[in-house]
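Worksheet: one structure, shown below.
Sequence positions, counted from 1, serve as the residue numbers for this chain.
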Amino acid sequence: MGMWSLGLGGVGAAIAGLILANTDFLLTEPAPATLEYLGNADLKTINSDKRTLKGKTLWEKSGAVVMAEASELSSLKPQLDELGVPLYAVVKENVGTEIQDFRPHFAGEIFLDEKQAFYGPQQRKMGGLGFIRLGVWQNFIRAWRSGYQGNVNGEGFVLGGVFVIGSGEQGVLLEHREKEFGDKVSIESVLEAARKIVVEK
């Protein structure tokens, strides 16, 4: 009787673990990012001129769509160009050929955010349980089929997001935080928020 109870208890614990890992119950709730917080982020250019600038310079006059570790929004580049709204990516590290491998999948300018401000103000990590989430595997297969393979170098557990930020003091018009690796923002929501940006001439 004791071995059966122990075995059933182990199976029950495994099932409970799978269920919990596939819900958002264990995820840290994201703290909303303020315009001031994102605007004070130190971003570095990736190209040869190697300069550092404050985040707010990206959207001061024209607003911006800023992505922390995402590439699918490149399909919006023509519509964003029509609106006069730039598209940027912010990455948390530059390990090996990571950024060079990312460039073919992204149509905008890429900046390095070493202090990971665009991943905060309260940083969220998926952790090892992420690998038993069904959604993570679906997102991995989708990315692999589209030709983006990523890598296993560097820090890979911090969750990213997408921000649509208005010009001047218009504020953060849309904030999407990943719930798991590869969680995508609604393209329609990004475009709808971008249309609200007042571009200064």
Side-chain angles (χ1 to χ4, degrees), residues 24 26-74 80 85-103 105-130 136 139 143 148 150-185 190 193-194 197:
D24 297 336
L26 298 176
L27 284 180
T28 305
E29 192 66 31
T34 65
L35 188 62
E36 180 182 0
Y37 176 79
L38 295 174
N40 285 324
D42 291 321
L43 302 177
K44 294 184 177 182
T45 57
I46 305 296
N47 52 20
S48 60
D49 68 351
K50 300 281 187 202
R51 56 191 172 90
T52 301
L53 53 117
K54 290 292 184 188
K56 64 184 173 187
T57 60
L58 299 183
W59 60 80
E60 271 181 324
K61 297 189 184 303
S62 60
V65 175
V66 182
M67 305 176 314
E69 303 273 341
S71 62
E72 287 82 8
L73 291 180
S74 287
L80 293 174
V85 175
L87 176 65
Y88 301 113
V90 172
V91 296
K92 62 185 174 290
E93 59 193 356
N94 186 5
V95 178
T97 61
E98 184 173 29
I99 291 176
Q100 292 153 328
D101 296 342
F102 179 66
R103 277 192 199 280
H105 302 279
F106 184 70
E109 194 171 352
I110 303 170
F111 293 90
L112 180 62
D113 179 11
E114 290 177 320
K115 294 180 182 171
Q116 302 179 9
F118 278 83
Y119 297 82
Q122 181 177 349
Q123 209 173 69
R124 301 169 61 238
K125 295 186 178 190
M126 179 97 277
L129 285 180
V136 170
N139 294 334
Y148 187 70
N151 63 47
V152 292
N153 300 323
E155 197 292 317
F157 292 107
V158 176
L159 295 170
V162 174
F163 302 91
V164 177
I165 304 171
S167 61
E169 296 299 316
Q170 227 183 329
V172 179
L173 304 175
L174 179 133
E175 180 175 351
H176 167 80
R177 298 301 185 114
E178 282 183 315
K179 291 183 179 177
E180 61 190 12
F181 304 128
D183 179 27
K184 293 167 72 171
V185 66
V190 171
I197 295 174

From NZ (Lys115) to CG (Asp42), nearest 0.5 Å: 4.5 Å
Distance in Å, Thr45 OG1 paired with Ile110 CD1, rounded so as to fall on 0.5 Å steps: 12.0 Å
Leu80 vs Leu73 side-chain heavy atoms within contact, under 4.5 Å: no
Residue pair Phe163 / Phe118: nearest heavy atoms and the distance that separates them: CE1-O, 3.6 Å
side-chain hydrogen bond (donor to acceptor under 3.5 Å, both in side chains) against Glu109, all qualifying residues, sequence neighbours excluded: none
Run the side-chain donor-acceptor check on residues 56-67: report pairs under 3.5 Å with partners two or more places apart or on a different chain.
residue : atom : partner : partner atom : Å
Thr57   : OG1  : Lys54   : O            : 2.7

Under the side chain to side chain contact (heavy atoms under 4.5 Å, CB included) test, residues paired with Gln170 that sit two or more places apart: Ser167, Leu173, Ile197, Val198
Inter-residue atom distance Leu53.CG - Lys44.NZ, 0.5 Å rounding: 11.0 Å
Nearest-0.5 Å distance that lies between atom CZ in Phe111 and atom OG1 in Thr52: 11.0 Å
Interatomic spacing from CD in Glu36 to OG1 in Thr34 - rounded to 0.5 Å: 5.5 Å
Minimum heavy-atom distance Tyr37-Gln116, with the two atoms named: OH-O, 4.5 Å
